[in-house]
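Read through the structure below, which is laid out as structure tokens, and then see the notes.
Keep in mind that what you see is a predicted model, and the values were worked out from it rather than measured. Just so you know, ligand 1 is whichever comes first in the structure, and atom 1 is the first atom listed for that ligand.
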Amino acid sequence: MNYPIFSKEHTSLMSKHLSYELFEELKDLKTANNFGLQQVINSGVENPDSGVGVYAADEETYHIFKDLFDPIIEDCHGFSKQQKHISHLDSSVLASDELDIENQYILSTRIRVARNVKSFPLGPAINNHQREQLEKLIYQSLSELTGNLAGHYYSLDSLKDSEKAQLINDHFLFKQGDRFLQAAGLNNNWPKNRGVFHNSDKTFLVWINEEDHLRIISMQQGGDIKAVFERLVTAIEAIENKIAFMHSEHLGYISSCPTNLGTAMRASVHIKLPKLGLDMVAFRKITAKYHLDIRGTQGEHSDNLGAIYDVSNKRRLGISEVECVQDMYEGVKALIAAEKAA
Ligand code: ADP
Ligand code: ARG
């Protein structure tokens, strides 16, 4: 294995931090799941436009390759290797009045967390048999949920193309063929043993075996952030009673991508901002102040449609779940005020 050829286009944190000397130190190390440096960095090498460029296959990846991961994590989250991640998953303490009672700006609200099941490798190193076992374990546990969390599991294999397209279009299902995941090995044996569980009104969903073993999602039309958070907390607790998740004192919930460590939470709104959208400098000034990310309306790496944007918390590690949602809430409040004033 040779030091990768980085071009001017390689702008990821991985290419920034992986010096030739560090590469030489790490290149022969492997985790118990036989995951080595080559696999850790492959997505960032193959996709020069990666922002981060690394994936993990187990908790051990974050330890064995810490000289690469620690500076990346510090750059992403402002979280140092001495810090501990503290969770606070309690919707009752969220300070939030409804932001958009007249439904003028916020189209929908969604909060998701990533979770991975203890004793299985993460997606980049899981084999087909383990992925199958995991799918079964997860959907069987989910099938025991009751009340407004009760629902059904739909494997990708069981859905017609038109049904999948509809679910993707309606923002309920992950897309196929993400090149970053592909290069990380996360799309191996696609589409087998992946799918989505959801309740009847699709306000509670779980993606199985996409980028992480589970993506637990609460979403609904409009801007009632508190209701969405409450349902998510209830769902996480109900699932956590049945399945043990990978977690560490230092890094919180373990995810395959270091951007999702800690809370593994992304709280977003789809918001219509026609005036602010004409002045992206002013828009970005507000999102930077409140630690927010702007995405397109078809998810990550998509463009915005019309004047509708996906605005979400950027920080996930070293702050609590309540703070993640609060970041989004305060930022969206400021965006709406700026839109009104524009
Ligand atoms: P993730 O949130 O899981 O990291 P994406 O950014 O790719 O991944 O989003 C996944 C899907 O969720 C996409 O279809 C996206 O449009 C949808 N989505 C995200 N936020 C919202 C929202 N507030 N309302 C409706 N759909 C949303
Ligand atoms: N690997 C991609 C990159 O480095 C995505 C990183 C964050 N997104 C994610 N879905 N994990 O740009």
Query raised in the report: Taking non-hydrogen atoms only, is Ile217 closer than 4.0 angstrom to ligand 1 via side chain, backbone, both or neither?
Result: neither
With heavy atoms of [X] as the reference, note each atom of ligand 1 found under 4.0 Å away.
X      : result
Asp310 : 19 (C), 20 (N)
Thr297 : 16 (O)
Gln298 : 16 (O)
Val269 : 23 (N)
Ser268 : 19 (C), 20 (N), 21 (C), 22 (C), 23 (N)
Met219 : 25 (C), 26 (N)
Arg215 : 1 (P), 3 (O), 4 (O)

Any idea which protein heavy atom is nearest [atom], and the distance to it?
atom                    : result
atom 11 (N) of ligand 2 : Glu211 OE2, 2.7 Å
atom 10 (N) of ligand 2 : Glu300 OE1, 2.7 Å
atom 6 (O) of ligand 1  : Arg295 NH1, 2.5 Å
atom 2 (O) of ligand 1  : Arg110 NH1, 2.6 Å
atom 1 (P) of ligand 1  : Arg112 NE, 3.5 Å
atom 6 (C) of ligand 2  : Cys257 SG, 3.9 Å
atom 10 (C) of ligand 1 : Trp207 CH2, 3.5 Å
atom 1 (N) of ligand 2  : Tyr55 OH, 2.7 Å
atom 7 (O) of ligand 1  : Glu300 N, 3.1 Å
atom 25 (C) of ligand 1 : Ser108 OG, 3.1 Å

Requested in this report: Of all the heavy-atom pairs spanning Phe172 and Trp207, show the shortest one and how long it is.
Outcome: O-NE1, 2.9 Å
Query raised in the report: Should the ring pair Phe180 and His301 be called parallel, tilted or perpendicular, given that the plane angle runs from 0 to 90° and is split at 30 and 60?
Result: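 It falls in the parallel class, under 30°.
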Report task. Classify the angle between the aromatic ring planes of Tyr139 and Tyr153 as parallel (below 30°), tilted (30 to 60°) or perpendicular (above 60°). Result ->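 The rings of Tyr139 and Tyr153 lie parallel, inter-plane angle below 30°.
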Query raised in the report: With a 3.5 Å cut-off and no angle check, do the side chains of Thr203 and Asp201 form a donor-acceptor pair?
Result: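 There is such a pair (donor and acceptor under 3.5 Å, judged by atom type) between the side chains of Thr203 and Asp201.
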Query raised in the report: Side-chain donor-acceptor pair under 3.5 Å between Asp100 and Gln104, yes or no?
Result: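 No pair is found: no donor N or O on one side chain lies under 3.5 Å from an acceptor on the other.
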Salt bridge check: are [X] and [Y] linked by an N-O gap of less than 4.0 Å?
X      : Y      : result
Arg295 : Glu300 : yes
Lys285 : Asp279 : no
Arg266 : Asp293 : no

Report summary line: Per-atom filter on ligand 2: closer than 4.0 angstrom to a heavy atom of Val52 are 3 (C), 4 (O), 12 (O)
Report task. Would you mind running through ligand 2 and noting each atom that sits below 4.0 Å from a heavy atom of Gly53? Result ->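 Numbered from 1, ligand 2 contributes 4 (O).
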Query raised in the report: Looking only at N/O atoms, are Gly51 and ligand 2 under 3.5 Å apart anywhere?
Result: yes
Query raised in the report: Among Arg266, Glu210, His171, Met265, which one has a heavy atom closest to atom 9 (O) of ligand 1?
Result: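 Nearest heavy atom to atom 9 (O) of ligand 1 lies in Arg266.
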Report task. May I have the step-by-step check of salt bridge (Lys or Arg N to Asp or Glu O under 4.0 Å) for Asp97 and Lys333, ending in yes or no? Result -> CA-CA 10 Å; Asp97 297 328; Lys333 193 170 171 184; over 6 Å; no
Query raised in the report: When you look at CD of Glu102, are more than 12 heavy atoms from neighbouring residues, nucleotides or ligands closer to it than 6.0 Å?
Result: no
Name each donor-acceptor pair under 3.5 Å that joins a side chain in residues 215-225 to protein atoms two or more places apart or in another chain, with its distance.
unit_1 : atom_1 : unit_2 : atom_2 : d
Arg215 : NE     : Asp212 : OD2    : 3.2
Arg215 : NH2    : Asp212 : OD2    : 3.0
Ser218 : OG     : Val228 : O      : 2.8
Ser218 : OG     : Arg231 : NE     : 3.2
Ser218 : OG     : Arg231 : NH2    : 3.4
Gln220 : OE1    : Arg231 : NH1    : 3.3
Gln220 : OE1    : Arg231 : NH2    : 2.9
Asp224 : OD1    : Ala227 : N      : 3.2

**Report entry** Between CG on residue Asn209 and CZ on residue Phe120, distance to nearest 0.5 Å
**Finding:**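 Asn209 CG to Phe120 CZ: 9.5 Å, rounded to 0.5 Å.
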Query raised in the report: Side chains of His198 and Tyr154: does their closest heavy-atom pair fall under 4.5 Å?
Result: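 Contact flag for His198/Tyr154 side chains = yes.
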